[in-house]
Amino acid sequence: MSSVKVAVRVRPFNSREIARECTCIISMDAEKQSTCIYHSGKDCERQQNGKPFAFDYSYWSHTSPVDPAFASQRQVYQDIGVEMLDHAFEGYNVCIFAYGQTGAGKSYTMMGRPEPGEEGIIPQLCSDMFSRIKATDVEDTVYTVEVSYMEIYCEQVRDLLNPKNKNSMRVREHPILGPYVEDLSKLVVTSYEDILQLMEEGNKARTVAATSMNETSSRSHAVFTILLTQQKHDQATDLKGEKVSKLSLVDLAGSERADSTKAQGVRLQEGAKINQSLTTLGLVISALAEAASSKDIIKKDKNTKGKSKADFIPYRDSVLTWLLRENLGGNSRTAMIAAISPADINYEETLGTLKYANRAKQIMCKAVVNEDPNARLIRELKEEVQRLRELLKAEGIEAQSHAGAGDPASAGRQRHRSVSAEDAIERLKESEKLIAELNETWEEKLRKTEEIRLQRENMLQEMGLAVKDDGITVGVFSPKKTPHLVNLNEDPGMSECLLYYIKRGVTKLGSGGTQDIQLSGQTILPEHCTLNNEKDEITLVPGVDANCYVNGKQITGPTKLRTGSRIIFGTNHVFRFTNPLQARSDLDFRSPLAGTPAGEKVDWSYAQTELLSKQGIDLKAEMAKGLQALEEKYRREKFESDRKMEIQKKDYEAKIEGLQKQIDAQSMMSSMYSSYMMSNSMMTPDRDFDDYVDPCLWSAREFQICRRAWDKWKGYQFTSLRV
């Protein structure tokens with residue numbers, strides 16, 4: 001058994017924290033591998049009132065590389081990545097995952113940047129793995145590498161490498177394999193360049209968005225899985241053995257608070273799902289840590305059967321924890337990297353991350369060498385298939401009856417199947433499918449990988465994306481002979497990311513499904529326009545009622561395009577046209593870019609400004625005019641509101657004054673009436689009723705009523721109670 005290795009890494013201040021003049025509240029001791037957090041920057045400078053934590057590694061990346069204590073990307077990989085790669089070549093399952101609040105540097109630690117020296121753990125590990133494979137010059141050992149890339153977005157699993165798997169994928173569980181994603185593509189790679197290309201394509205398909213705390217916040221958990229297979233041939237026994245290692249490299253989405261990220265709508269729902277899965281992961285880690293500590297202290301009674309309530313681990317409460325079940329307390333060598341912020345404004349989030357990591361280091365994993373699992377798995381699956389066939393036969397159902405759905409007799413039998421038979425048929429299909437996958441030869445896997453690559457290439461071509469002549473590289477590059485359109489976007493990071501080829505003859509553009517270049521939007525017609533390519537000259541022919549602009553001018557008829565022309569389709573789609581052969585064939589060629597001001601970049605903003613200026617619209621004047629109109633409207637509404645408020649105030653004051661007069665009048669009348677009655681009747685409270693009664697012919701009942709009324713008046717005449 002081995003515990004989870006835990007490392008903590010603190011990043012530099014970001015632009016948001018610098019703007020708010022934050023202070024550092026983290027200190028680290030590289031020799032003792034300790035990390036301490038303080039309530040304020042002053043406490044950190046004085047080294048007082050801190051909360052210390054001890055981990056396997058503490059990386060100080062808050063300063064620049066000039067600092068001797070600075071921990072670079074290479075040092076992080078040397079400490080964690082190299083050790084995990086050694087375990088993978090030994091035949092162990094390996095998992096590395098990064099945790100922390102949003103914007104804490106998790107994706108940078110795991111993926112890094114393409115610049116030299118900025119690569120993360122995943123690229124360095126892949127490069128080192130293929131370097132070791134090439135350096136191992138042993139004839140009786142064959143290495144094969146397969147990769148898969150998926151994301152967990154809002155508790156739904158998506159395949160990032162196969163364009164056909166767009167919908168949410170099912171997570172299944174097998175008694176031997178454990179949890180797995182059904183139909184998740186596993187692609188064969190033979191070099192570091194292949195695996196780097198797949199990572200880049202998967203990262204482009206991953207869900208990211210901008211929040212107030214992070215401009216490129218990951219909105220999903222990404223799991224990059226590498227399956228390393230070592231086939232060794234024993235010359236003495238003439239037997240082949242395999243070691244299969246599964247490397248799970250996880251980039252978790254960051255925990256976040258809605259009041260800090262200012263998230264709304266879809267971003268708020270994404271944040272809620274992210275926090276839900278991370279909370280479940282925290283509960284799983286706490287339960288595993290508690291179980292590990294209780295086993296060290298308390299020995300269970302031998303007569304106790306089953307698991308106690310404290311041993312329950314809520315793996316199934318989240319898709320993330322369900323898929324990482326083997327990596328958390330199971331058959332895996334696991335390492336966790338906790339990324340934290342040094343700013344005092346993130347004190348609560350940083351303290352929560354450190355407590356999270358402190359619990360994780362108590363987890364114990366039971367890693368074993370995965371030697372030749374396929375042969376054992378195939379044998380057990382075949383035994384299960386045979387047992388299921390016998391179970392179906394006992395139910396009176398043929399093993400292949402589920403395939404003949406069109407047979408009326410079989411359909412009648414299906415209606416009378418028991419629940420156990422239906423379950424057996426489902427498990428039989430699942431086992432047979434797994435056996436077929438495990439029995440695939442290397443050539444079949446290569447052919448399947450090639451088919452998926454061709455499907456991806458065809459889909460990209462249908463979308464208008466550029467594919468290089470070698471059929472492998474997908475991205476943005478400048479073709480040497482083919483005219484094309486390059487997109488311009490308001491976001492500089494999204495500009496010049498898409499290329500649309502203009503083929504020989506007619507290229508149709510619109511929102512319809514039969515168009516060669518398909519664009520979306522309310523202002524894009526099903527058949528918006530056509531691009532005619534004849535003799536290396538491109539002519540743009542707009543459709544009826546179609547909005548097409550060339551260099552800021554709206555066109556209504558055929559227009560020849562020149563290299564560098566800015567084209568706007570509808571209102572949102574902005575492109576730059578390039579024809580590489582035009583400049584070579586036309587000696588008098590002069591690009592429309594020649595008229596641009598010196599040093600000004602021709603981007604989306606330039607195209608929009610050009611459009612407004614050609615339409616006679618002064619953007620600054622229009623904005624000033626609109627602002628003045630809003631101010632005038634505000635003044636009018638405020639004056640009207642104040643006037644209505646004054647009128648209501650006077651009305652209320654008049655009503656209050658009238659009510660006060662009515663109350664005073666009623667009080668005066670009541671006082672005068674009481675005085676009048678007392679003076680006329682000469683009745684006083686100290687006299688008795690019999691003193692005023694003259695001899696009369698009253699009945700006993702009438703006398704009793706008058707007597708009771710007198711007593712009550714006598715007792716309550718100076719109070720509010722009147723009888």
Side-chain angles (χ1 to χ4, degrees), residues 5-18 22 24 26 28 35 55 57-67 69-82 84 95-128 149 151 160 195-196 199-200 202-224 248-256 260-261 274 278 335-343 346 349-350 353-354 356-357 493:
K5 287 191 175 296
V6 179
V8 176
R9 189 180 192 188
V10 58
R11 61 163 173 78
F13 287 132
N14 56 28
S15 58
R16 170 176 170 267
E17 295 164 349
I18 294 174
C22 297
C24 180
I26 299 295
M28 289 185 175
T35 301
F55 301 103
Y57 300 101
S58 294
Y59 296 115
W60 178 259
S61 300
H62 178 61
T63 54
S64 63
V66 181
D67 187 357
F70 180 81
S72 63
Q73 293 278 72
R74 188 62 183 173
Q75 180 181 348
V76 176
Y77 171 71
Q78 290 289 348
D79 292 340
I80 299 176
V82 172
M84 292 299 162
C95 176
I96 304 176
F97 68 95
Y99 174 81
Q101 73 175 109
T102 180
K106 303 178 298 301
S107 298
Y108 175 75
T109 300
M110 296 300 294
M111 299 300 300
R113 298 171 185 165
E115 291 84 3
E118 299 290 328
E119 298 88 351
I121 290 178
I122 297 178
Q124 293 186 72
L125 186 143
C126 296
S127 176
D128 196 4
Y149 201 4
E151 72 168 356
L160 297 178
I195 204 170
L196 185 62
M199 277 193 295
E200 292 177 353
N203 290 334
K204 291 178 182 178
R206 190 179 174 188
T207 305
V208 296
T211 64
S212 296
M213 295 186 67
N214 190 2
E215 294 181 356
T216 56
S217 175
S218 301
R219 313 308 294 169
S220 63
H221 309 297
V223 182
F224 190 81
S248 300
L249 308 173
V250 186
D251 181 15
L252 297 177
S255 60
E256 57 186 39
S260 299
T261 59
I274 291 171
L278 292 178
M336 171 186 174
I337 301 176
I340 59 176
S341 166
N346 297 324
E349 291 84 351
T350 302
T353 302
L354 293 174
Y356 206 101

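Residue indices begin at 1 and follow the sequence shown.
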Trainee: What are the two closest heavy atoms between A357 and V6, and how far apart are they?
Mentor: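 Of all heavy-atom pairs spanning A357 and V6, the closest is CB-CG1, 3.6 Å.
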Trainee: Determine the interplanar angle of the Y59 and Y57 rings, folded into 0 to 90°, and report it as parallel if under 30°, tilted if 30 to 60°, perpendicular if over 60°.
Mentor: parallel
Trainee: Return the minimal non-hydrogen interatomic distance between M111 and N203, and the atom names on each side.
Mentor: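 Here M111 and N203 meet closest at CE-ND2, 3.3 Å.
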Trainee: Atom SG in C22, atom CG in N346: separation rounded to 0.5 Å?
Mentor: 7.0 Å
Trainee: Rounded to the nearest 0.5 Å, what's the gap from CG on D251 to CD1 on I96? Could you check?
Mentor: 12.0 Å
Trainee: Can you confirm whether S248 sits close enough to F97 that some side-chain heavy atom of one is under 4.5 Å from a side-chain heavy atom of the other?
Mentor: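 Contact flag for S248/F97 side chains = no.
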Trainee: Which value, rounded to the nearest 0.5 Å, describes the distance between Y99 atom OH and I337 atom CD1?
Mentor: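 Nearest 0.5 Å value for the OH-CD1 distance: 15.0 Å.
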Trainee: Under a 4.5 Å cut-off applied to non-hydrogen side-chain atoms, are Y108 and Q73 in contact?
Mentor: yes
Trainee: Should I80 and K5 count as side-chain neighbours, where that means a heavy-atom distance under 4.5 Å?
Mentor: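 Heavy-atom side-chain distance check fails, nothing below 4.5 Å.
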Trainee: Enter the distance from Y149:OH to E200:CD here, rounded to the nearest 0.5 Å.
Mentor: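 Y149 OH to E200 CD: 11.0 Å, rounded to 0.5 Å.
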Trainee: Can you give me the closest heavy-atom contact between F224 and C126, atom names plus distance?
Mentor: CE2-SG, 4.4 Å
Trainee: Measure across A335 and M84 and return the closest heavy-atom pair with its distance rounded to 0.1 Å.
Mentor: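 Nearest pair, atom of A335 first, then M84: CB-CE, 3.4 Å.
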Trainee: Can you find a pair of side-chain heavy atoms, one from M336 and one from Y356, that are under 4.5 Å apart?
Mentor: yes
Trainee: Taking all non-hydrogen atoms of both residues into account, name the closest pair between L354 and F55 and its distance.
Mentor: O-CZ, 3.8 Å
Trainee: How many angstroms lie between atom CG of D67 and atom CH2 of W60, to the nearest 0.5 angstrom?
Mentor: 8.0 Å
Trainee: H62 versus I26: any side-chain heavy-atom pair under 4.5 Å?
Mentor: no
Trainee: Taking side chain as C-beta onward, heavy atoms only, is F70 less than 4.5 Å from S64?
Mentor: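 No, every pair of side-chain atoms sits at 4.5 Å or beyond.
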Trainee: Counting only N and O atoms by type, is there a donor-acceptor contact under 3.5 Å from the side chain of Q101 to the main-chain atoms of T353?
Mentor: no
Trainee: Applying salt bridge (Lys or Arg N to Asp or Glu O under 4.0 Å), name anything that partners E17, two or more places apart in sequence or on another chain.
Mentor: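 E17 satisfies salt bridge (Lys or Arg N to Asp or Glu O under 4.0 Å) with R11 once adjacent residues are dropped.
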Trainee: Keeping E118 on the side-chain end and P116 on the backbone end, is there a donor-acceptor pair under 3.5 Å?
Mentor: no
Trainee: Can you tell me if T109 uses its side chain to pair, donor with acceptor, with the backbone of G105 under 3.5 Å?
Mentor: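 A pair under 3.5 Å: yes.
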Trainee: At their closest point, which heavy atom of S341 faces which heavy atom of T350, and how far apart are they?
Mentor: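 Distance-wise, the nearest heavy atoms are O-OG1, 3.1 Å.
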Trainee: Looking at residues at least two apart in the chain, or sitting in another chain, which of them share a salt bridge (Lys or Arg N to Asp or Glu O under 4.0 Å) with D79?
Mentor: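 In terms of salt bridge (Lys or Arg N to Asp or Glu O under 4.0 Å), with neighbours along the sequence ignored, D79 is linked to no residue.
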Trainee: Does the side chain of M28 come within less than 4.5 Å of V8's, by heavy atoms?
Mentor: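 Sidechains of M28 and V8: in contact.
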